[in-house]
2 protein chains.
Amino acid sequence: MSPLSPSDDDGPPLRADAQRNRARILDAAEAVFAELGAGASTEEVARRAGVAIGTVFRHFPTKNDLLAAIMKRLLARLVAEAGELGGGDGLFTFFSRLVAQAAGKRSVVDLLARAGVEIRLPDTVGHLEQAVGELLRQAQEAGTVATAVRLPEVMALLISVCQGALHGGWDAGLQERTLGVIFGGLRGH
Amino acid sequence: MSPLSPSDDDGPPLRADAQRNRARILDAAEAVFAELGAGASTEEVARRAGVAIGTVFRHFPTKNDLLAAIMKRLLARLVAEAGELGGGDGLFTFFSRLVAQAAGKRSVVDLLARAGVEIRLPDTVGHLEQAVGELLRQAQEAGTVATAVRLPEVMALLISVCQGALHGGWDAGLQERTLGVIFGGLRGH
DNA sequence: TGACAAGCTGAGTCTCCACTCACTATTCTC
DNA sequence: GAGAATAGTGAGTGGAGACTCAGCTTGTCA
């Protein structure tokens, strides 16, 4: 893994054009990887962003760095989303939203799956676990989730169901029924 | 997709050495893809099988054909395994065994996920659905699974949980607790 | 056992893709 | 607005991996 990518560290601030391009590249990469999976070429990202390929590599020295940067944004968004939920149904809502996203976008899941393997993002992943943990706590307090349920299996289910939704191309009905089974299991009865 | 691979069609029977090599290639491929995922090189498969790479391509004109052949064997085994189970716990046992396999081997899941995407194996996948459907029917008859549960969500959960186990590297305890939640959901209370 | 078909071999081709770098263009600073 | 620093460009490099094929080997069958 390269050292910190520009705009992450505290080095000299980026030039205006560089900031613009960096944002364009991130957006393009997110879209491209969402459509084609993490196997999509860096060239395609550059084309979509409207920059030369060299520019992509200037900002993200390796393809992995680019993936990591996207992953970080995605996770940060999820954490934010989780942070806004709560109460008895927060955890369930979070599950549903994640799955709905996963069914359409390869990136979320393709990347989620890589966390901890090729990409190291312990902090951000930790934050997500923390946020989900809080949702779990609130749900258990409200009595909508059995107290025997622990965080690791909730995370495991979250990842599983995203993977499944992605690969299986679930429609809305199947999503609902599948989650229904899991929610039943979480409730305990 | 290429036409039928040798030994699937009814053309002239394979020569003895060809049969031997075909079997070796399939075994090697299964092992290699299990370890390294479907991205492993055909060269590695040839090396492990102790044949030249040309031989692999003689038997399986494209890498996809090779993957399809392995997939077919894997699914056939799963169907056979499902066929031997039954009663109130058959479905649960099947789930547990699949997940236990998935946690160790990339192939099962990596390939399961591709069914219907790159690889076309409608018959065999259909057979698996049929076999799982029978397990579901028996479990519902025995009262261990709620009657509201339908086959599609069972398949969806099966695939999800395999994906999750694969990517997350679950240990035995996590497997058990995660499946516990799902089993609870299937039971209905 | 000889002859022919079937199968095996592996160096070589082709394509794709991550990544580089010498050069040019833009922005910033004073 | 000029000079310096920063950023952009895109043809080029290197490597990996799927797939081919001309020549050699082996099994089969009369």
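Order of the sequence lines sets the chain letters (A, B, ...), proteins ahead of strands, with each chain counted from 1.
Side-chain atoms of B/Lys63 lie closest to D/dA18 of the nucleotides C/dT20, D/dG8, D/dA18. Distance from the side chain of A/Ala18 is smallest for D/dA7 among the nucleotides C/dC19, D/dA7, D/dG17.
Remark: B/Arg177 engages A/Glu153 in a salt bridge (charged side-chain N to carboxylate O under 4.0 Å, His left out) (not counting sequence neighbours). Remark: B/Gln140 engages B/Leu136, B/Val145, B/Val149 in a side-chain contact (heavy atoms from CB on, under 4.5 Å) (not counting sequence neighbours). With sequence neighbours excluded, the residues forming a side-chain contact (heavy atoms from CB on, under 4.5 Å) with A/Val132 are A/Leu91, A/Phe94, A/Leu128, A/Leu151, A/Val154, A/Met155, A/Leu158, listed by chain and number. Under the side-chain contact (heavy atoms from CB on, under 4.5 Å) criterion, A/Glu176 pairs with no residue at all, not counting sequence neighbours. Shown here are the salt bridge (charged side-chain N to carboxylate O under 4.0 Å, His left out) partners of B/Asp17, two or more places apart in sequence or in another chain: B/Arg15. Applying the side-chain hydrogen bond (donor to acceptor under 3.5 Å, both in side chains) criterion to A/Arg73, with sequence neighbours excluded, gives A/Asp27, A/Glu30. Remark: A/Glu43 engages A/Ser41, A/Arg47, A/Ile53 in a side-chain contact (heavy atoms from CB on, under 4.5 Å) (not counting sequence neighbours). By the salt bridge (charged side-chain N to carboxylate O under 4.0 Å, His left out) test, A/Arg137 is found to be paired with A/Glu134, A/Glu141, residues two or more places apart in sequence or in another chain being considered.
Proximity of B/Thr42 to the phosphate of D/dA18: a side-chain N or O atom is located under 4.0 Å from OP1 or OP2. For the pair B/Asn21 and C/dG7, the criterion of a side-chain N or O lying under 4.0 Å from OP1 or OP2 is not met. One finds a side-chain N or O of B/His59 lying less than 4.0 angstrom from the OP1 or OP2 phosphate oxygen of C/dC8.
Cluster membership for A/Val79 and A/Met71, using ILVMFWY side-chain heavy atoms within less than 4.5 angstrom, is shared.
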N/O contacts under 3.5 Å, protein versus nucleotides 27-30 of chain C?
{"unit_1": "C/dT27", "atom_1": "O4'", "unit_2": "A/Arg15", "atom_2": "NE", "d": "3.3"}
{"unit_1": "C/dC28", "atom_1": "OP1", "unit_2": "A/Ala16", "atom_2": "N", "d": "3.2"}

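Contact check for A/Thr55 versus A/Phe60: no side-chain heavy atoms found under the 4.5 Å cut-off. For the pair B/Leu74/B/Leu78, no side-chain contact is recorded, criterion being any heavy-atom separation below 4.5 Å from C-beta on.
For the pair B/Arg22 CZ and C/dA6 P, the computed distance is 17 Å after rounding to whole Å. Atoms CZ (A/Arg58) and P (C/dA22) sit 14 Å apart, rounded to a whole Å. When the P atom of D/dG17 is taken as reference, atom CZ of B/Phe57 falls 12 Å away, rounded to whole Å. Between the CZ atom of B/Arg47 and the C1' atom of C/dT9 there is a distance of 15 Å, given to the nearest Å. Rounded to an integer number of Å, the gap from CG of A/Leu36 to C1' of C/dC16 is 15 Å. Nucleotide C/dC17 holds its P atom 12 Å from the CZ atom of A/Phe33, rounded to whole Å. In this structure, the CG atom of A/Leu67 is 14 Å from the C1' atom of C/dC17, given to the nearest Å. Following rounding to the nearest Å, A/Asp65 (CG) and C/dA18 (P) show an atom-to-atom distance of 13 Å.
Residue A/Gln19 is the one, among B/Glu43 and A/Gln19, whose nearest nucleotide of DNA chain D lies closer to the 5' end (criterion: closest heavy atom).
Comparing the axis of the opening five pairs of the helix from C/dT1-D/dA30 to C/dC30-D/dG1 with that of the closing five pairs yields an angle of 20°, rounded to 10°.
Among residues at least two apart or in separate chains, ring-ring contact (aromatic ring centres under 6.0 Å, His included) pairs with a member in residues 70-93 of chain B are B/Phe92-B/Phe183.
Contacts with DNA chain D (heavy atom under 4.0 Å) in residues 48-56 of chain A: A/Val51, A/Ala52, A/Ile53, A/Gly54, A/Thr55, listed by number.
Here A/Ala40 lies in heavy-atom contact (under 4.0 Å) with sugar-phosphate atoms only.
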